[in-house]
Amino acid sequence: MIHKLPELPYAYDALEPYISKSTLEFHHDKHHAGYIKKLNDLIKNKESYQNMTLLEIVRNSENSIFNNATQAYNHNFYFNSLTPNKTKPSPALLAAINHQFDSLENFKATFTQAALGLFGAGWTWLVMDYKKNLMLENRSNAQTPVVGENTPLLVCDVWEHAYYLDTQNDRAAYLENFWHVVDWEAVSKRYEG
Ligand code: MN
């Protein structure tokens, strides 16, 4: 199958002033689109991949096919973790956050520290295990927890292309902006789903 670039679930300027229109234009229309185009090119003549979903390719590939499929998957997940709406964690998710991280504020601080500590390009994830215990996972480059046993709930893209137009080298400022646009309803649904 031909993999298609999903449309952003909000307008390009919807996340301003936290994430700019031009960041989203480049991030979605160039970077995300680029991974999907490359993936389609790479699997064009490979029959074993033709009937697989994106997630199946992520779980059954390696090297450049894996890298491009995973980046396509991770970006879908990232863009669907953001919203211009004011949202908050569901009571069940908030209880789990309080249990694991003491408070929502402390969770954000711990997640932010993890993201700042990730060397180079990658992704910081909130995941849960099969007992619904919450934990943080840093993954470099195109790695993703989707290949493991844990369920991803929230991700922050910490590749420089996610923030360089807005905050240049200041990843901490990007993280501060990130918390203003996290879609807690989406995260809560994943937690309860
Ligand atoms: Mn990205």
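Whatever order the structure lists ligands and atoms in, that order sets their numbers, starting from 1.
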For this session: Flag His27 as yes if one of its N/O/S atoms falls below 2.8 Å of the Mn ion (ligand 1), otherwise no.
Result: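 So His27 counts as coordinating the Mn ion (ligand 1), yes.
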For this session: Could you check which N/O/S atom of His161 is closest to the Mn ion (ligand 1)?
Result: NE2
Problem set entry | Among the N, O or S atoms of Asp157, the one nearest the Mn ion (ligand 1) | OD2
For this session: Taking atom types as modelled, find out whether Arg139 and Thr124 have a side-chain donor-acceptor pair closer than 3.5 angstrom.
Result: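 Looking only at side-chain atoms, Thr124 and Arg139 do not form any donor-acceptor pair under 3.5 Å.
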Problem set entry | Side-chain donor-acceptor pair present, His99, Asn133, cut-off under 3.5 Å | no
Exercise. With distance as the sole test, does Asn141 use its side chain to make a donor-acceptor pair with the main-chain N or O of Gln143 at under 3.5 Å?
Worked result: no
For this session: Determine, for Glu185 against Lys189, whether the closest basic-nitrogen to carboxylate-oxygen distance falls under 4.0 angstrom.
Result: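 Salt bridge absent between Glu185 and Lys189.
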